[in-house]
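For reference, the structure is listed below as structure tokens.
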Number of protein chains: 2
Amino acid sequence: MTPTFHDRAESLVQRTGARVTRQRIEVLAILLSARRALTHHEVEDRANRSLGIDRVTVYRVLEWLTAHELAHKIAGEDRVWRFNAAGDEGGRSHAHAHFKCNDCGDVICLDEVRAARDIRLPSGYRSQAVELTVKGLCAECVPARKHS
Amino acid sequence: MTPTFHDRAESLVQRTGARVTRQRIEVLAILLSARRALTHHEVEDRANRSLGIDRVTVYRVLEWLTAHELAHKIAGEDRVWRFNAAGDEGGRSHAHAHFKCNDCGDVICLDEVRAARDIRLPSGYRSQAVELTVKGLCAECVPARKHS
DNA sequence: GGCCTTAATGCAACAGAGTTGCGTGCAAGC
DNA sequence: GCTTGCACGCAACTCTGTTGCATTAAGGCC
């Protein structure tokens, strides 16, 4: 549906060396074209409409994309995975934060923010990753009034 | 089974003004006696063994405890809620961080850490809460060797 | 203490998210 | 074009959590 995203997706999938399938390209293109993190359901909806891709395949492709660092998973507090295209940067790791809108549920990445590293843990504990989620209202859900 | 926790739990439940039931006391006592956040499954397991409390009742009691700020919910990335006794502090709010062990899955609260407030959001966005989760290995899961 | 009201519990059935097994189809190597 | 095996599609399943409804029991009232 969106040639540019489709082409970028195809190129990214090819670069992994694994099989290049319509399903992988299409799902990745859907993620690339979204400006926010999509739930499995949202991806399935679009993938199904455009290509009739199966529920399970969408799950498997999303998992595959995550494993190959073409997408990354975000755990929302509503027990639903959300997926974002990792874009061309590849392994930009999980050093960035997320913003989750409490009203519409949208999730976006806050790339500029790197979570503080100087966190004191109990003795013996070792930190591997820091996940920072800011919750609030996105621009579209903030009521018209301007004061806090 | 643990009289001290049981008594504290009973007192806390009474303080809400709502009905004081065996189930509420027992579930809260289980949370109080745990040094880490428990999943519903873990709570149910213990509650069922000691009092034969029903699955659904455990869900409802946990929800009730959360609503009355006697416990608080933590969303893990494994789609499972974890519950912590809020203790006597009551409304200490959600300004604290959590630590999640990538190996055994345990979750504990890191009370000392207050999440950074100076996070730049896209224009129009409004922050309501900040959730910070440190992931890594807890003292019991860190392998014997000492270097990073 | 016994009775009454109503909230809370227990049971069963359901719902949504994600997984597994297995036969079929198709991408890619020859 | 033929072959091979990975990936897909379908169905059935698991797991977490929820809802409806009849039954039980907490706590007020006499």
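Hydrogens, waters and symmetry mates play no part in the numbers below; they use all other heavy atoms, side chains included. Note on naming: letters A, B, ... go to the chains in the order of the sequence lines (proteins, then strands), and numbering restarts at 1 for each one. Note that the coordinates shown come from a computational prediction; the quantities given were computed from them, not determined experimentally.
One hydrophobic cluster, built from ILVMFWY side chains closer than 4.5 Å, holds both B:Val61 and B:Ile53. Note: the hydrophobic cluster containing A:Val58 also contains A:Ile25 (ILVMFWY, side chain heavy atoms under 4.5 Å, direct or indirect links).
Note on ring orientation: taking the six-membered ring where Trp is involved, the planes of B:His98 and B:His72 are parallel (angle under 30°, cut-offs 30° and 60°).
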Strictly under 3.5 Å: I want the nitrogen or oxygen pairs between protein and nucleotides 19-21 of chain C, one per line.
{"residue": "C:dT19", "atom": "O4", "partner": "A:Arg55", "partner atom": "NH2", "Å": "3.4"}
{"residue": "C:dG21", "atom": "O6", "partner": "A:Arg60", "partner atom": "NH2", "Å": "3.4"}

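Within a 6.0 Å sphere centred on CD of A:Gln14, other residues, nucleotides and ligands contribute more than 12 heavy atoms.
Following rounding to the nearest Å, B:Trp64 (CH2) and C:dG10 (P) show an atom-to-atom distance of 15 Å. Spacing between atom CD1 of B:Ile25 and atom C1' of C:dA8 amounts to 13 Å, rounded to whole angstrom units. Remark: P of D:dC15 and CG of B:Asp45 are 14 Å apart, rounded to the nearest angstrom. Look at CD1 on A:Ile74: it is 17 Å from P on C:dA17, rounded to the nearest Å. Distance NE2 (B:His68) to C1' (C:dA7): 12 Å, rounded to an integer number of Å. Here the P atom of nucleotide C:dA17 and the CZ atom of A:Phe83 are 13 Å apart, to the nearest Å. Residue A:Asp54 contributes atom CG, which lies 9 Å from atom P of D:dA11 at whole-angstrom precision. For the pair A:Leu51 CG and D:dG9 C1', the computed distance is 14 Å after rounding to whole Å.
Between the side chains of B:Thr4 and B:Arg8, no donor-acceptor pair is found at a separation under 3.5 Å. Side-chain contact, A:Arg46 with A:Ser50: no donor N or O sits under 3.5 Å from an acceptor N or O.
Applying the salt bridge (charged side-chain N to carboxylate O under 4.0 Å, His left out) test to every pair with at least one member in residues 33-44 of chain B, sequence neighbours left out, gives these pairs: B:Arg36-B:Glu42, B:Arg36-B:Asp106.
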**OP:** Starting at the 5' end of nucleotides 23-30 of chain C, put B wherever the base has a protein heavy atom under 4.0 Å, S where only the sugar-phosphate does, and a dash everywhere else.
**Re:** ----BS--

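Look at B:Gln23 and you'll find a side-chain N or O under 4.0 angstrom from OP1 or OP2 of C:dG10.
Within the nucleic acid shown, B:His41 has no heavy atom closer than 4.0 Å to any nucleic acid atom.
With ring centers used as reference points, A:His40 lies under 6.0 Å from A:Tyr59.
In this structure, the side chains of B:Trp64 and B:Leu70 come closer than 4.5 Å at one or more pairs of heavy atoms.
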